[in-house]
Each structure stands twice: as structure tokens, then as C-alpha cells.
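Take a look at the structure set out below.
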Amino acid sequence: NERDLFRMVSGLDGYFSLGDTEFSWDLFYVYGETNNTRVTENDLIEDNFAAAVNSMIDPVSGDAVCVDMTAGSVNAADCVAYNPFGFDQASDEAKDWVSADVTRTDQITQEIIGGSISSDTEQFLVLQGGPIGFAAGFEYREEAYSSITDEFTKSGVLSGAATPDEFGEYDVTEGFVEISLPILAGLPFAEELTLDAAYRTADYSHAGKTDAWKVGLMYAPIDDVRIRATLGEAVRAPNLSEAFSPLSPGFANISDPCDADNIDDDPDRAANCLALGIPAGFEANDNVSIDTLSGGNSELFSETSSSTTVGIVWTPSFVENLSLTVDYYEIEIEDAIISVASQNVIDNCVDATGSLDDLYCSAIDRDPITNDISLVRSGFLNAAALNVSGIESEINYKTSLDSFNLPGDLALKFFVSKLIELEQFEFQDRPDEINVETGEVGDPELQMRMSATYMLDNLTVNWSARSIDSVVTYDVSP
């Protein structure tokens, strides 16, 4: 691979006044471009290879020659006999005739223009805890990508899939406002009470309008203790690949749900397979791979999440540089974008309750005589959901070793995470098909990290350890 990156960042900032109120502002411009050239060497030209190994000894010259000088798909008349027996017995000319390099050229560009303005109400409105702070801003962003494959590869003569060229672009206009309300400060049992809020709206050319917001509260009854909480909703728009990648051919190994061995795996399958015209006792020929077409989906929209966090921070005044935090979090994601696998397309067609699922069944082609699956079309959908909750705690302590008549400083950190719930719904419209991940490989219920760092002038020595709770390799879903 050969990759080049160019990025330019520029900006202006300053101040101005309206009456007695001073405002700060900034404007910025960003442009980035990445170019990448990928070369895959020696991909096989299948027809040429078949013609080259079909060789014989020329009775006149005594050399190996191709039997059929028209059988190749590329420069057939130049066929060179290929010796597949033994190690590296084929000539360089034969190797060149049966193979070719694949070249793909990618480009990604991003252009951003944005600005913000901020101030406070010190000159005309002051709450008991101080003036209200506020900020507002905008951002316009364009993103584009292309992936160009050489014409030879796109012709389909190589053993790899004849991937088409890819193009995609979108733009988004965003605006935001933020406000901070210091309601109380310096009072008995109210050392600080601050309410923060933020709102952002975005208009995507490919995914429509979205909104995100957050409300946060910070309450400190005394200097040593702070209670914090946030409530918000966030969004993620489909990326360029999810929205714009073209349908590309491929292959997949599948298990036909209408096969007699699989028909009882779901209570709806038998009736739905009969509705497809597949007789009882059907034995599928699914021990070979099938053709697939997969790609992006221009009808995708933004996935959304709602989150709640509540925590406490303790910084005891009687122990300098010690802090303890404990936070509870709960996150729910809806309309999550997933790439639907071919097997799931096939299963969802006949596992729907009540009748066939036309959305998925229309993406499947079956042989009209044998009823075997011959092609599956798949791609990205706003289909999934995820629920996760847990508790995290962290202790940080830093001290000078002077009291021990030792040089340097010591920093200690201890982090623990308890996963309470992790539930995935690959298809949110089927809440009974829940995938519980809590305690499985990659998602332990309990994990801890510990570290100690010693610092002396320019010397830093670190020790760290990690503990992960036992996990299982099987599905714990009910």
C-alpha cells in the first residue's frame, strides 16, 4: 500500500463588546484528504490457468504447448503452457499469463467550516452562584470518498470478485447552544449547585434531520463531596460506506432453515416454509456456497441513544491529592445500523410470527425446480437495539515521597467496572429474541485495573495489572 495524507487547519479568534458585555468568538476551516493505492499481486486469471494447464508436448518442437489456443479469456492466442507439478516448475512467462495485479485507488476528503461565540451575563444578570455562561455555534461539513478498481479487475476474469467502483458523499449543517447556570455557591449544604444544558441540531443530506441534547447537574453539599448526574440523547448518522457502497458480488455458506434438519428450530418455520411452496421433508443442497450481493443502503437514518449517569466524587480535604469516584450508567440504543448477514436474511424470512416477512423473503432467490437457495441480497439496516448498564469506580492518589525520606513522587490508580446488564437485539422488532452478552467472552461482569507510577525528574517507572472475571464461551441468553 502507498498512502498520502494532507491536512490543513486554519482559524481566527477574537473579542468584541455589546454594551458592557464582552463576547469571545472563533472561526475555523479544516480540509483533509487521504489518497491510498492498494495493489494485490498475482490474482489468478481462472480461464487462462485452465487453458495453460491443458497442455501437451509439441511433436515437432518437443516443447510444452497449450492444447487450445482460444480457451483463455485474456490474450488467448498468447497461451503459455503451465506446469503445476512440483515446486516452482512453471516458467515466468506462464506465471505472467495466468495472473494479474489488482489495483485499487481510494480517496477520502473532508472539509469543515465552523464557528462559535460565547459570553456570560455578568453585566446584567447574576445568580446567587454567579453569572450565567452561554455559547452558540455552527458547523458545515462535507465528506466524500471514492474507491476505483482497475478495468481489468472489474471485467470479472480474475478469481476475486469483480468489485465495482464506489462513490459517496454527503454534507451536514449543524448548530448548537450551551448554557451553564450556577444556581448556588458558597452556602451551607450548597457549596455548588450548577445546571448545564446543551442542544445540537443537524441536517444531513443523506439521513435527514436529527437532534441531540444533554442536561447535567453538579451538586456539592460540602467542598469534599460532589454529586453529578447527566441525562441525554445522542445520534449517529450512517457513514459513507453504510450509505453508499454499491452492491458487490460474493459468496456465503448457509444452512437452509426449511431443511428437514432445521425446520423445528423455530415454531413459525414449518408453516412459513409451506407458504413458500417448499414441501415437508425438504432436503436442501446447502453444503456448497451460494452467491450473494451486498452493499450500502441509501434509505438509512440516524441511530439514536438515550443515556443516564449518576455519580459521586469524594476528594477528602484531610488527605491531599486523593479522589474517589463512583458512577452508575445506563445506555439504550435504538435503530442501530447493522450489516445483516446472509444467514439472518434467510432465517428472518421464515421465522416471522404469523406469516412470511416480505422484506427479507424478497431478498432471496430460490431455484424454481429444486427450491434450493441460489442468491441472497443483504446490506445495512436500522434494525438493532442494545441495552447496557453498569457501575464504575476509580481511586486516584498522588503523593511526594519526602515524608519517607525518599526522592520522587508516587501516583496510584485503581479502577473497577461492574457490568450489570448487556443485552443485544439484532432485530429490535423481535424483543423475544434477546442476546444476553453479560459474562460471555469479551464482556466480563467484573474487571479491574491497577497501576503505580514512580516519577523522579525525567525518569518514569510504571507498573500495571489487570484482572478480568471468569467468562463463558457459550451463549447465556435465556
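In this chain, residues are counted from 1 in sequence order.
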[X] side chain to [Y] side chain, donor-acceptor N/O pair below 3.5 angstrom:
X    : Y    : value
S147 : D106 : yes
Q428 : D335 : yes
N239 : S241 : no
E392 : Y329 : no
D365 : S374 : no
E174 : Y140 : no

What's the separation between atom [atom1] in [X] and atom [atom2] in [Y], rounded to the nearest 0.5 Å?
X    : Y    : atom1 : atom2 : answer
R7   : Y31  : CZ    : OH    : 12.5 Å
F415 : N396 : CZ    : CG    : 11.0 Å
D4   : N35  : CG    : CG    : 6.5 Å

- [ ] Could you tell me whether R228 and D327 make a salt bridge, using a distance below 4.0 angstrom between a side-chain N and a carboxylate O?
- [x] yes
- [ ] Give a yes or no on whether E283 atom CD has more than 12 heavy-atom contacts from other residues, nucleotides or ligands under 6.0 Å away.
- [x] no
- [ ] Among D351, D261, D264, D259, find the one that has a salt bridge (Lys or Arg N to Asp or Glu O under 4.0 Å) with R269.
- [x] D351
Task: Residues E46, N48; criterion side chain to side chain donor-acceptor pair (under 3.5 Å); working and verdict - done: CA-CA 5 Å; E46 293 182 325; N48 282 21; over 6 Å; no
Enumerate, atom names and distances included, each donor-acceptor pair closer than 3.5 Å involving a side-chain atom of residues 284-292, sequence neighbours excluded.
unit_1: D286; atom_1: OD2; unit_2: D256; atom_2: N; d: 2.9
unit_1: T292; atom_1: OG1; unit_2: G250; atom_2: O; d: 3.3
unit_1: T292; atom_1: OG1; unit_2: F251; atom_2: N; d: 3.4

Task: Shortest non-hydrogen contact between C258 and R366, atoms and distance - done: SG-NH2, 4.0 Å
Task: Minimum side-chain heavy-atom gap Q110-E33 below 4.5 Å - done: no
Open item on the list: Going by disulfide (SG to SG under 2.5 Å), name the pairs with one or both residues in residues 51-93, residues two or more places apart or in two chains.
Closed with: C66-C79
Open item on the list: Parallel, tilted or perpendicular, judged at 30° and 60°: which one describes the rings of F427 and Y360?
Closed with: perpendicular
TODO: Taking the six-membered ring for Trp and the single ring otherwise, decide whether the centroids of Y82 and F49 are under 6.0 Å apart.
DONE: yes
TODO: Spell out, as yes or no, whether a donor-acceptor pair under 3.5 Å connects the side chain of Q447 to the backbone of S417.
DONE: no
